[in-house]
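First up is the structure itself, then whatever we jot down about it.
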Amino acid sequence: MKDQNFSKTIRYVGVDDLDLDLFESQYELPEGMAYNSYVILDEKTTVMDAVDFSKCSEWLANLEKELAGKTPEYLVCLHAEPDHSGSIVEFLKKYPSAKCLCSAKAAQFLPQFYDFDFESRLQVVKDGETLTLGSHTLQFASAPMVHWPEVMVAYEQSEKVAFSADAFGKFGAIVHETDDWACEARRYYFNICGKYGNQVQSLLKKMSAWDVKVICPLHGPVLNENLKYYVDLYDTWSAYRAETSGVFIAYASVYGGTKKAAEKLAEILEAKGLKVAISDLNRCDMAEAIEDAFRYDRMVLAASSYDAGVMPAMETFLCHLKAKNYQKRRVAIMENGTWAPTAAKTMLSMIETMKEIEKVGETVSIKSVLRDDAPLAALAEALQ
């Protein structure tokens, strides 16, 4: 396991969940998930966030080991989502003198999730408020909709640590952590926070006023080297700028005709020197397809007609893109239909509801099987 500890007084007490297969009951977790928690050892010892209830016992054991007999004064709840707040009640029972610090909205949400008398145990902190723990000082900042409305982040001033809640998080357990941070961080960002780019931009502005040396997210590794790389990626993603110059081809095929056309288009584009990614929406991880749609500056939608509309996988994909605020991209359309092609009309009606989408080239319409590559060559030319 990658060592998450960077300080003698700020210690990692989080846990890995290697049993969970779907995050938020929808995102595949081939390498598990990390629930991060930290403890600041000081005159007023303070725990930064809890973990999912399924890992409560392990978390409390990690915490007890680091406390070494100390009694925590505070538990900070930066985010009330159950994968972070699920063990708060057990913590408050174990440490009856401790207070839970949270935003006003978190104070509203927590009793909705848990059958516990929080009234005397919660202490609301406000945007900009500071709390001195001894040699450490926490400065709180609201970060609404990154990615729930109650979210806060906190900056520890003496060691220059940003506790960033879900921002800068990623899929994957710490035990499986590699140097390729961006891949699963990108999939996490666009599927979890992607809709709220403006709010993430606001958070980045707040963080730019701090002299941050370490970022401690609620998922994924502690970031304490080359922070500009991570911040620049977040700035690109949250501004809806393309990260990579290239074409993403998303297709949904019934009997293989659309698939063959999509693959042929990919060959033509690659021969022109373009970077190409391609996904079969009927079989791929939809979250990865969403990730690639945002990553590249151009996209081709290729789908068979179905029930006077479009293949369900394509419709689902476009609904996800709309929900995640897809925008500022160039998009080409390819449809297939044996007797009455309807896919293009359906896909166009969906992308026309998205911001700053430029349609590229003429729509390619296939009757069952593409027998002439000329329309693909023309489309590839338009996509350059």
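Since we're looking at a predicted model, the values are computed, not measured. For this chain, numbers begin at 1 and follow the sequence in order.
- Within the structure, side chain to side chain donor-acceptor pair (under 3.5 Å) contacts touching residues 345-361 (residues at least two apart or in different chains) are Lys359-Thr363.
- With a 6.0 Å radius and a threshold of 12 heavy atoms from other residues, nucleotides or ligands, Glu119 has its CD atom at or below the threshold.
- Remark: the Ser54 side chain and the Asp52 side chain contain an N/O donor-acceptor pair separated by less than 3.5 Å.
- The ring pair (Phe, Tyr, Trp, His ring centres under 6.0 Å) contacts involving residues 362-384 comprise nothing, where partners must be two or more places apart or lie in separate chains.
- Residue pairs meeting the salt bridge (Lys or Arg N to Asp or Glu O under 4.0 Å) criterion with at least one partner in residues 216-225, sequence neighbours excluded, are absent.
- Under the 6.0 Å cut-off for aromatic ring centres, His84 and His219 qualify, their centroids lying closer than that.
- The aromatic rings of Trp181 and Tyr230 sit perpendicular to each other, their planes meeting at more than 60°, with 30° as the lower class boundary.
- Pairs passing the side chain to side chain donor-acceptor pair (under 3.5 Å) check and including a residue from residues 185-196, sequence neighbours excluded, read Asp166-Tyr188, Glu184-Arg187, Arg186-Glu243, Arg186-Glu291, Arg187-Asp285.
- Listed by first and then second residue, the side chain to side chain donor-acceptor pair (under 3.5 Å) pairs that reach into residues 249-266 are Thr258-Ser304, Thr258-Asn336, sequence neighbours excluded.
- Every residue meeting the salt bridge (charged side-chain N to carboxylate O under 4.0 Å, His left out) condition with Asp280, not counting sequence neighbours, appears here in chain and number order: Arg283.
- Under the 30°/60° scheme for interplanar angles, the aromatic rings of Phe109 and Trp148 are found to stand perpendicular.
- Between the side chains of Tyr35 and Asp17, at least one donor-acceptor pair of N or O atoms lies under 3.5 Å.
- For the atom pair Met314 CE and Met311 CE, the distance stands at 9.5 Å (nearest 0.5 Å).
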Cut-off 3.5 Å, no hydrogens considered: what does the side-chain donor-acceptor table look like for residues 62-78, sequence neighbours left out?
residue : atom : partner : partner atom : Å
Asn62   : ND2  : Gly14   : O            : 3.1
Glu66   : OE1  : Arg11   : NE           : 3.3

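- Residues Asp16 and Lys55 approach most closely at O-CE, 3.6 Å, considering heavy atoms.
- Remark: Lys213 pairs with Asp211 by the salt bridge (charged side-chain N to carboxylate O under 4.0 Å, His left out) rule, at least two apart or across chains.
- Listed by first and then second residue, the side chain to side chain donor-acceptor pair (under 3.5 Å) pairs that reach into residues 95-114 are Ser85-Tyr114, sequence neighbours excluded.
- Using modelled atom types and a 3.5 Å distance limit, the side chains of Thr130 and Gln139 yield no donor-acceptor pair.
- Sorted by first and then second residue, the pairs that involve residues 258-303 and meet ring pair (Phe, Tyr, Trp, His ring centres under 6.0 Å), not counting sequence neighbours, are Phe190-Phe294, Phe294-Tyr326.
- Taking the six-membered ring where tryptophan is involved, the planes of Tyr38 and Tyr12 are perpendicular, since the angle between them exceeds 60° and thus also 30°.
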Let me check something: any side-chain donor-acceptor pairs from residues 370-384 under 3.5 Å, sequence neighbours excluded? List them with distances.
residue : atom : partner : partner atom : Å
Asp372  : OD1  : Ala374  : N            : 2.9
Glu381  : OE1  : Lys272  : NZ           : 3.0

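- The shortest heavy-atom contact between Lys170 and Pro221 is CD-CD, 3.5 Å.
- Residue-environment remark: CD (Glu362) stays at or below the threshold of 12 foreign heavy atoms within 6.0 Å.
- Pairs of residues two or more places apart, or lying in two chains, never qualify as salt bridge (Lys or Arg N to Asp or Glu O under 4.0 Å) while including a residue from residues 134-147.
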